[in-house]
**Q** 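Before I ask anything, here is the structure I am working with.
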Amino acid sequence: MAILMDGKALAAEKMEELRQRTEALKARGVTPGLSVILVGDDPASQVYVRNKGRACEELGFYSRTVRLPEETTQAELETLIDELNADGRVDGILVQLPLPRHLDEAAALRRIRPEKDVDGFHVENAGRLFTGQDGVVACTPKGILYMLKKSGVPLSGKDAVVIGRSNIVGKPVAVLLLNENCTVTLCHSRTADLAAHTRRADVLVAAVGRPRFVTADMVKPGAAVVDVGINRVDGKVVGDVDFAAVEPVAGWISPVPGGVGKMTICMLMENTLEAAEKRSR
Ligand code: NAD
C-alpha cells in the first residue's frame, strides 16, 4: 500500500508557517497584498478565484479581486494591470487563466511587473527558472516539489517522467526535478509508447487533463505518483491517475482532490508573502 502524499495535511502545516511569517511582517507595518483578475465567467475559474480569496482572508492578506466582463479588450486589461503594478498595496498580481479567446494571454502576462508575477508565468521568471537564476517559481510545480520532498521521496539520481508539456505545469516541473538531480523524461501527446517510459519512472508526474489516464500497468512498483489532473466527471472531480488501481502498486501517491491543488494555493500565498517580504527590506 502506498504512502499518501496528503495535500490537505501538508497545506494545513504550510499555512500555519505562512500565518506566522505574515504576522511577523504585519508587526513591521507591511501587509501582503494579492490582486486576482478574472475575465469572463468560466465556472472552474470562479471556484479557483474564490479559493484564492479565502486563503488571503485566512492569512490576513490585503485582497482585491477584479471581475471583468467577457468582452473586455486587451487595452482595458492591460490598463488594469498597469494600475495594479503601481499600487503599493499589491505585492502579487494574478491573471486567472484561461482568458477569453480574443485576448492575448502572453502579452497580458508580460505586462505584469516580474516581481509582482506571483504565478511565475512571466517570461522573465520562466527564463530565470530555465537558466538557474532566482525568480518566482510557478505555484503548481513548486507545490509538487514541496510535496515530494516533505513526503521523503528520494529524487537525486532517480528517473522522473512527466506526462504533459504545458508552460504552467509540465515544463517547469521537469526543470525543478532536473535541479534535484533526477534524470527527466518529458512525455506528451506525440510520445511513442508512453507506457514504456512511465514504467521506468521512480517519480511519475501526470499533468494531462484526462480522467484516470494513468493505469496500474503504466506504473513501476514502488514509484512516487503525483496526480496533477483536475477533471470533472459526472459532477465529481477526478485526477489523471486511476487512484484505486494505482495505489496498491505505487510507493507514494497523491489524491485528487486533496493533493496537488491544495499545495498550489499554499505556494501562491508563499510567493505573495515573499514579494511582500522583499518590499519590506
Ligand atoms: P494542458 O492541456 O496545457 O497540457 C496537457 C498536456 O498533456 C499537453 O502537453 C499534452 O501534450 C499532454 N497530453 C495530452 N494527451 C496526451 C496523451 N494521450 N498522452 C500523453 N500526453 C498527453 O494542461 P495543463 O494546463 O498542463 O494541465 C494539466 C492538468 O492539470 C489539467 O487537468 C489541469 O486542470 C490540471 N491542473 C491542476 C493544477 C492544480 O493546482 N492541481 C494546476 C494546473 C493544472
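First listed ligand is number 1; within each ligand, the first listed atom is number 1.
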**Q** Please report which non-hydrogen protein atom sits nearest to atom 31 (C) of ligand 1, along with the residue it belongs to and the distance in Å to one decimal place.
**A**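 Checking every protein heavy atom, the shortest distance to atom 31 (C) of ligand 1 gives G209 CA, 3.6 Å.
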**Q** What are the atoms of ligand 1, with element, lying closer than 4.0 Å to any heavy atom of I163?
**A**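 So the answer, numbered in order with elements, is 20 (C), 21 (N).
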**Q** Between K278 and E115, is there a side-chain N and carboxylate O pair less than 4.0 Å apart?
**A**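 The answer is no: the pair does not qualify as a salt bridge.
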**Q** Starting from atom 34 (O) of ligand 1, which protein heavy atom do you reach first, and at what distance in Å?
**A**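 Ranked first by proximity to atom 34 (O) of ligand 1 is I230 O, 3.5 Å.
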**Q** Under 4.0 Å between a side-chain nitrogen and a carboxylate oxygen: does that hold for E124 and R128?
**A**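 Yes.
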**Q** Using a strict cut-off of 4.0 Å, indicate which atoms of ligand 1 neighbour a heavy atom of G164.
**A**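 So the answer, numbered in order with elements, is 6 (C), 7 (O), 9 (O), 12 (C).
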**Q** If I apply the N/O under 3.5 Å rule, does S166 come out as touching ligand 1?
**A**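 N/O-N/O distance under 3.5 Å: yes.
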**Q** Give me the residue, atom name and distance of the protein heavy atom closest to atom 19 (N) of ligand 1.
**A**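 For atom 19 (N) of ligand 1, the nearest protein heavy atom is F213 CZ, 3.4 Å.
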**Q** I want to know if ligand 1 touches I168 in the polar sense, i.e. an N/O pair below 3.5 angstrom.
**A**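 No; every N/O pair is 3.5 Å or more apart.
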**Q** Got an N/O contact under 3.5 Å between R165 and ligand 1?
**A**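 There is such a contact, yes.
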**Q** Between A223 and A201, what is the shortest heavy-atom contact and its length?
**A**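 Looking at all heavy atoms of both residues, the shortest contact is CB-O, 3.4 Å.
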**Q** Using a strict cut-off of 4.0 Å, indicate which atoms of ligand 1 neighbour a heavy atom of T264.
**A**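 Every atom of ligand 1 under 4.0 Å from some heavy atom of T264: 39 (C), 40 (O).
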**Q** With heavy-atom distances below 4.5 Å as the criterion, would you say the side chains of I37 and L77 are in contact?
**A**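 Touching, per the 4.5 Å side-chain cut-off.
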**Q** Please state which protein non-hydrogen atom is closest to atom 36 (N) of ligand 1 and give its distance, to 0.1 Å?
**A**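 So the nearest neighbour among protein heavy atoms is V228 O, 3.6 Å.
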**Q** Between E16 and R19, is there a salt bridge with N-O shorter than 4.0 Å?
**A**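 Judged by the 4.0 Å cut-off on N to carboxylate O distance, R19 and E16 do form a salt bridge.
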**Q** Measure the distance from atom 10 (C) of ligand 1 to every protein heavy atom, then report the residue, atom name and distance (to 0.1 Å) of the closest one.
**A**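 Minimum-distance protein heavy atom for atom 10 (C) of ligand 1 reads S189 N, 4.0 Å.
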**Q** With a 4.0 Å cut-off, would you call D91 and K116 a salt bridge?
**A**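 Here D91 does not pair with K116 in a salt bridge, since their nearest N and O are not under 4.0 Å apart.
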**Q** Just checking, is any N or O donor in the side chain of K158 or N181 under 3.5 Å from an acceptor N or O on the other one?
**A**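 Looking only at side-chain atoms, N181 and K158 do not form any donor-acceptor pair under 3.5 Å.
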**Q** At less than 4.0 angstrom from any non-hydrogen atom of N231, what atoms of ligand 1 do you find?
**A**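 Numbered from 1, ligand 1 contributes 32 (O).
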**Q** With the threshold set at 4.0 Å, does a side-chain nitrogen-carboxylate oxygen contact exist between R212 and D240?
**A**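 So R212 does not pair with D240 through a salt bridge.
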**Q** Are side-chain heavy atoms of L25 and S280 found at a separation under 4.5 Å?
**A**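 Side chain of L25 against side chain of S280, heavy atoms only: contact under 4.5 Å found.
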**Q** For atom 42 (C) of ligand 1, what is the nearest protein heavy atom, given as residue, atom name and distance?
**A**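 Closest protein heavy atom to atom 42 (C) of ligand 1: T140 OG1, 3.2 Å.
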**Q** For ligand 1, note which part of V169 has a heavy atom under 4.0 Å away: side chain, backbone, both or neither.
**A**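 It is the side chain that gets close, since no backbone atom is under 4.0 Å.
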**Q** Tell me: protein heavy atom nearest atom 21 (N) of ligand 1, and distance?
**A**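 Looking at atom 21 (N) of ligand 1, the protein heavy atom closest to it is H188 C, 3.1 Å.
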**Q** Under 4.0 Å between a Lys/Arg side-chain N and an Asp/Glu carboxylate O for E274 and R279?
**A**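 Result for this pair is no, no salt bridge flagged.
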**Q** Would you say T191 touches ligand 1, if touching means a heavy atom closer than 4.0 Å?
**A**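 The answer is no, since T191 has no heavy atom less than 4.0 Å from ligand 1.
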**Q** Hey, is A207 one of the residues with a heavy atom under 4.0 angstrom from ligand 1?
**A**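 Judged by the 4.0 Å heavy-atom criterion, A207 does count as contacting ligand 1.
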**Q** So which heavy atom in the protein is nearest atom 14 (C) of ligand 1, and how far is it from that ligand atom?
**A**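 The closest heavy atom on the protein side is V208 CG1, 3.6 Å.
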**Q** Salt-bridge test for K236 and D234: reply yes if a basic N is under 4.0 Å from a carboxylate O, no otherwise.
**A**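 No.
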**Q** So does R54 pair up with E57, basic N to acidic O under 4.0 Å?
**A**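 Looking at R54 and E57, the cut-off is not met.
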**Q** Any idea which atoms of ligand 1 are less than 4.0 Å away from a heavy-atom of G261?
**A**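 What qualifies from ligand 1 is 40 (O), 41 (N).
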**Q** I'd like to know whether ligand 1 has R210 as a neighbour, heavy-atom separation below 4.0 Å.
**A**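 Right, R210 reaches ligand 1.
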